[in-house]
Amino acid sequence: MDSIKDSKMQIDSEDFGSIQPRGDLKSQDEKMTFDQVVNSTGGFVYSVNDLTRVLRFLCLGTEGGSYYAKEPELKRENIQCIDRLIMNGRGTEVVDLIYTVSTEGRACKQGPTLYALAICCRCNDSKTKTAAYKILGSVCRIPTHLFEFVKYCEKESSGTGWGRAHRVAIGKWYNGFSKDPKKLAYLVTKYQNRHSWSHRDVVRLAHIKPEDSKIDMILKYVVKDMASANSMYSEDSSVVDVKAFLDGVEEAKKCTKSDIEKLRSLIVEHQLVREHVPTGLLDSKEVWDTLLRLMPMMAMIRNLGKMSTLGLLDSKSFGETLVVDKLTNEGLLKSARIHPFSLLVAWNQYKAGRGSKGKLSWSVNDNITKALEEAFYKAFKNVPPTGKRYLLAVDVSGSMQTPVIGSSEIEAFEASAAMMLLTAKTEDNFEVIAFSKGYTKLDINKVDTLNTVLKKCSNLPFSGTDCSMPMLYAIDHKKKFDVFIVYTDSETYHGKMHPSEALKQYREYAKIHDARLIVVGMVSNGFSIADPNDPFMMDVVGFDTEAPKAMSNFVMGKF
């Protein structure tokens with residue numbers, strides 16, 4: 001298979017143009033065109049447009065900063081992009097992007113999305129503000145999101161009070177559950193307080209007027225107590241269901257170690273979750289066994305370590321079978337909006353056999369490790385192979401050793417390797433190189449796992465960055481490639497030739513005049529090596545779940 005693949009990519013000497021030395025080439029620390037900007041290392045690159053930068057911010061965030069820029073600096077730059085778009089009359093485009101990214105589960109963390117939404121809600125442009133408050137319920141799907149949004153709004157607000165638009169929008173969030181009040185009761189008891197905000201704080205400040213007795217009962221419960229909630233009791237079936245659930249929550253709070261079986265019954269009857277269980281009973285194997293059978297997907301993923309310490313996920317156990325079946329069910333992953341990066345972090349954490357914080361440790365079950373990796377790829381939207389010839393190039397320079405998306409466990413080059421392997425498992429004709437100031441061909445194939453790929457990358461020299469290396473590799477080895485995919489932070493500065501110029505020369509020498517370059521941005525900065533004026537160069541955002549589809553369409557000339 002490899003020999004066939006190599007023959008498809010090898011260029012006959014007579015088919016490959018001769019390389020003519022040019023005296024007008026500029027090194028990467030020299031400006032080549034008027035629209036280039038200086039990156040954080042002093043190299044000249046291109047600036048992505050503001051909307052693309054906002055997309056990077058939403059998907060990648062700025063938590064932890066980058067190798068060259070600190071978190072506050074990156075966050076300020078991204079906020080300025082949003083402000084510019086609003087001032088230029090494009091605020092509703094930002095709101096549309098926030099809605100799409102959030103509802104389609106394209107971002108790993110909601111924080112950047114909620115921050116951007118708060119900026120739009122608190123801006124002075126009436127159209128942007130109206131559009132932003134209109135999508136509040138769709139973006140803030142659980143109280144954690146609502147509390148974080150409120151926190152950011154307080155930060156962005158110039159005054160001390162809550163304006164009418166703000167109060168009305170938050171009131172609609174609670175009253176929006178009038179058709180499913182039991183869900184609201186579940187949410188307010190599971191997420192009682194987050195980000196230094198509680199339901200009592202929010203309900204009082206928003207002066208919420210309940211639209212019916214069901215919502216009124218729940219709000220009285222969170223603001224006062226169960227006795228106050230009971231004052232709203234009626235024979236209405238929905239009210240009866242809400243009261244029964246709240247009674248179940250209150251009963252669970254009172255359970256002790258002698259009430260394990262009672263608590264298990266309450267969990268099953270009322271579909272209670274970990275947050276409803278008294279702290280003193282969270283080391284009970286029997287309680288966790290009951291929780292696992294009803295556990296939502298994300299909660300299950302977060303608690304794999306804890307359940308392993310209790311022996312619930314031992315080999316050939318019921319727990320192992322249930323977890324593996326759920327992790328490999330693509331429909332469940334999609335409906336639960338499980339983001340690939342969350343699975344990558346979970347995979348990395350679980351296989352380590354210990355928590356990053358605290359003293360929790362466990363015996364690793366290889367079947368669960370494999371299921372987490374399989375889930376990682378299933379969480380992306382599947383695309384068919386394009387049949388094109390690819391060079392997949394992973395930046396392993398020093399700046400790619402920075403943690404990404406706020407995770408202390410996953411570095412940028414590791415995340416890039418995982419993204420690269422996604423394409424490698426889809427396409428048939430590809431080669432893989434790692435590059436910094438030079439390049440190294442990597443022996444990667446479809447049967448490789450994340451573990452084997454990371455081991456092959458682990459001993460490579462992490463030095464300066466020259467993003468022209470992928471194209472120079474193809475020229476040096478006279479290889480035919482239709483597509484170059486470069487996974488990088490675009491902090492290039494070492495080369496004697498700009499990456500965009502290297503691609504243009506490759507097209508000339510290889511006589512592949514539509515050879516394409518896709519830059520997968522792994523950091524939320526404003527830089528790219530792709531020339532925005534070249535129709536065959538494209539920027540995508542690393543870990544955007546839409547990235548594989550967008551890349552496939554671009555390669556096939558669909559846009």
Thr100 (side chain) donor-acceptor with Leu97 (main chain) under 3.5 angstrom: no
Closest approach of Asn175 to Pro210 (non-hydrogen atoms, all atoms of both residues): OD1-CA, 3.5 Å
Within 6.0 Å of NZ in Lys253, more than 12 heavy atoms from elsewhere: yes
Heavy atoms of other groups near Lys334 NZ, more than 12 under 6.0 Å: yes
Side-chain H-bond candidate by donor/acceptor type, Asp395 with Thr488, under 3.5 Å: yes
Flag if over 12 foreign heavy atoms under 6.0 Å of NZ, Lys172: no
Side-chain heavy atoms of Leu281 within contact of Cys255, under 4.5 Å: yes
Test item: side-chain donor near acceptor, Tyr221 and Glu250, under 3.5 Å: yes
Residue pairs passing the side chain to side chain donor-acceptor pair (under 3.5 Å) test where at least one lies in residues 366-379, sequence neighbours excluded: Glu320-Asn367, Glu374-Lys378
Sub-6.0 Å ring centroid separation between His199 and Phe147: yes
Evaluation steps, salt bridge (Lys or Arg N to Asp or Glu O under 4.0 Å), between Asp428 and Lys446: CA-CA 9 Å; Asp428 294 319; Lys446 288 181 179 291; 3.7 Å; yes
Student check: side-chain heavy atoms of Leu327 and Met300 closer than 4.5 Å: yes
Within 6.0 Å of CZ in Arg264, more than 12 heavy atoms from elsewhere: yes
Pair Tyr152-Glu156, side-chain donor/acceptor within less than 3.5 Å: no
Flag side-chain contact, heavy atom, 4.5 Å: Ser317 against Leu312: no
Side chain proximity check, Tyr115 to Lys155, heavy atoms < 4.5 angstrom: yes
Charged N-O contact under 4.0 Å between Lys285 and Asp289: no
Ionic contact status for Asp448 with Lys455, cut-off 4.0 Å: no
